[in-house]
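Step one of this worksheet: look at the structure below.
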Amino acid sequence: RLRKWQERIRTKDAGERNLQFALSEIDRMASALGVPRSVREVASVIYRRALKEDLIRGRSIEGVATSALYAACRKEGIPRSLEEISEVSRVERKEIGRTYRYISQELGLEMRPVDPKKYVPRFCSELELSEEVQTKANEIIEKTAEEGLLSGKSPTGYAAAAIYAASLLCNEKKTQREVADVAQVTEVTIRNRYQEQIEAMGIHG
Amino acid sequence: MTDPKDTINIENVVASTGIGQELDLQSVAMDLEGADYDPEQFPGLVYRTQNPKSAALIFRSGKIVCTGAKSTDDVHESLRIVFDKLRELQIQVNEDPEIVVQNIVTSADLGRNLNLNAIAIGLGLENIEYEPEQFPGLVYRLDDPEVVALLFGSGKLVITGGKKPVDAEHAVDKIVSRLEDLGLLE
DNA sequence: GCTTTAAAAAGTAATGT
DNA sequence: ACATTACTTTTTAAAGC
């Protein structure tokens, strides 16, 4: 009767409020990350699809919203690492990662592995490295990945090592620490990937 | 050329059983040497055997989970030790409790490096999970046998979820032929 | 969903010398 | 620049929150 009708409206309002909250969170995080509006729109679509497929049950709205944004960045070719995403979200990295994998599987997003080259322009820009270094880094990534060196390695660490190597080759040296900071990986990872890459390239560093 | 099947090694066997008797874990924990029992943290009592090496989780209901054994024979041997220990504490244990193997974890080696990026596309992105930012292995779920395989860049792999040792052999056969069909092996 | 147990694979990370 | 320890993934049962 009237009670059921009120309940329906209450539920509808709650659902509407939750959706607004999720979309505003996506907007807030996207702004903090400085990604274009198109990414927010893709993230919104993914979130609405997850909502429609009832994938939010047992998960936090924020976790799904953050994961949708992470997936959208990758789909749009301007990936942010889970580390970077977690800095603008109040959801921890591990939870974002597992929620992303879940919605990715359930929605059949068919996400391709991140190409390390996608990180080169942004990282190099933050390090104020020239176009020449970027080109060299891309060359290193391209050639070594072809030889199978990329299998199982994190895209950020791989890109960081190539940028470090390229900065040395172009006489625009950045320290491992400087590159590690912008890529948010450790110096140890850069050192390990760098050694493999220069060996595969037949370069002596 | 080594047959990948010959490189299969069982790394862990998980099995469940029961003594058919309820237990007072508090007193078992007192009398059983080396027992770890913290009901606030976990309802099961942990008892470790040395030879063969394994860990048994003993519950109030009398049900027991054995994990860490390297073969099904070791599971039976470990549980025989656990049953005898309980009998020493004057606890009635059924004659030959049924032991059910729940999971077998196996490792193997395909003998050549793998291009996981190409394999991800080849096997179909909808059939795999490959997130190197989170984990270096590519996750491949098979329908028959019903197991999960983790493929690594080194060519080594882990097969888990199987209930019989042959499940791992069939899984390796299928994976090898699929990769060969795709021209992604060697 | 979480808690605990074991085990492998390989990458990354934190901490210590 | 090293090593060591520890955590990521997958699987599985158990009882209880």
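Just so it is clear, the values below take in all heavy atoms, side chains as well, and ignore hydrogens, waters and symmetry mates. Here is how names work: the chains are called A, B, and so on, in the same order as the sequence lines, proteins then strands, and each is numbered from 1.
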Hey, are B:K5 and B:E169 close enough for a salt bridge, meaning a charged N less than 4.0 Å from a carboxylate O? no

Quickly work out the B:Q41 CD to D:dA15 C1' distance and round it to whole Å. 14 Å

Is any side-chain nitrogen or oxygen of A:K153 closer than 4.0 Å to OP1 or OP2 of C:dT12? no

Mind checking if A:R59 touches a base, just sugar-phosphate, or nothing, with heavy atoms under 4.0 Å? nothing

Distance in angstrom units between B:F135 CZ and D:dC7 P, rounded: 15 Å

Applying a 4.0 Å non-hydrogen cut-off, can you work out what B:T106 is touching in the nucleic acid: base, sugar-phosphate, or nothing? nothing

Base, sugar-phosphate or nothing for B:S154? Non-hydrogen atoms, less than 4.0 Å. sugar-phosphate

Identify whether any heavy atom of A:R98 sits under 4.0 Å from a base atom; if not, whether one sits that close to sugar-phosphate; answer base, sugar-phosphate or nothing. sugar-phosphate

When the distance from CD1 of A:I190 to P of C:dA14 is rounded to whole Å, what number comes out? 13 Å

Minimal heavy-atom distance between A:R112 and A:R74, with the atoms involved, is O-NH2, 2.8 Å

Under 3.5 Å, is there a donor on one side chain and an acceptor on the other for A:Y102 and A:R98? no

Roughly, in whole Å, what's the span from CG in B:L157 to P in C:dA9? 11 Å

What is the minimum heavy-atom distance between B:H76 and B:T72, and which atoms define it? ND1-O, 2.9 Å

Have a look at A:V185 and say if it touches a base, only the backbone sugar-phosphate, or nothing, with a 4.0 Å heavy-atom cut-off. sugar-phosphate

If we take the P atom in both C:dA13 and D:dT9, what is their distance in whole Å? 15 Å

B:E11, nearest nucleotide to its side chain (from C:dA7, C:dA13, D:dA13): C:dA7

C:dT12 OP1/OP2 closer than 4.0 Å to side-chain N/O of A:S154: yes

Under 4.0 Å between a side-chain N/O of A:R193 and OP1 or OP2 of C:dT12, yes or no? yes

May I ask you to say what A:G152 touches in the nucleic acid, namely base, sugar-phosphate or nothing, with a heavy-atom cut-off under 4.0 Å? sugar-phosphate

Among C:dA10, C:dA6, D:dA14, which nucleotide has an atom closest to any side-chain atom of B:S61? D:dA14

note: B:I58, atom CD1; D:dA15, atom C1'; distance rounded to Å ~ 14 Å

Start at the 5' end of DNA chain C and walk down; is the nucleotide closest to B:S107 or to B:V65 reached first? B:V65

Those residues that, when tested against A:T156, pass side chain to side chain contact (heavy atoms under 4.5 Å, CB included) (two or more places apart): A:S81, A:Y119, A:F123, A:S154, A:V185

Write down the distance separating the C1' atoms in C:dA7 and D:dA3, rounded off to the nearest Å. 24 Å

Would you kindly say whether A:R101 and B:Q134 are connected by a side-chain donor-acceptor distance under 3.5 Å? yes

Is there a donor N/O on one and an acceptor N/O on the other, under 3.5 Å, for the side chain of B:T160 and the base of D:dT11? yes

What's the closest nucleotide to the B:K63 side chain, out of C:dA13, C:dT5, D:dA15? D:dA15

Inter-nucleotide P distance (C:dT3, D:dC7), Å rounded: 12 Å

Of the nucleotides D:dT12, C:dG11, D:dA15, which has the atom closest to the B:P136 side chain? C:dG11

A:E83 has an atom CD; how far is it from atom C1' of C:dA13, in whole Å? 10 Å

Consider only side-chain N and O atoms of A:T99 and A:E95, and report whether a donor and an acceptor are under 3.5 Å apart. yes

Does a side-chain N or O of A:R191 approach OP1 or OP2 of D:dA1 to a distance below 4.0 Å, or not? yes

Which part of the nucleic acid does B:V158 contact within heavy-atom distance under 4.0 Å: base, sugar-phosphate only, or nothing? base

How far does the P atom of D:dT8 sit from the matching atom of C:dC2, given to the nearest Å? 12 Å

On DNA chain D, check which nucleotide each of B:R60 and B:R141 is closest to and give me the residue with the more 5' one. B:R141

Using atom CG of B:L116 as one end and atom P of D:dT9 as the other, report the distance to the nearest whole Å. 18 Å

Any idea which of C:dT5, C:dA7, C:dA9 is nearest the B:K53 side chain? C:dA7

Assert: residue with more 5' nearest nucleotide on DNA chain D, out of B:G44 and B:E146, is B:E146

Rounded to whole angstrom units, what separation is found between the NZ atom of B:K70 and the P atom of C:dA7? 6 Å

Applying side chain to side chain contact (heavy atoms under 4.5 Å, CB included), run through A:M29 and A:T66 and close with a yes or a no. CA-CA 8 Å; A:M29 294 187 285; A:T66 308; 3.6 Å; yes

Closer to the 5' end of DNA chain C via nearest nucleotide, is it B:T67 or B:G153? B:T67

Under-4.0 Å side-chain N/O to phosphate OP1/OP2 contact, B:K163 with D:dT11: no

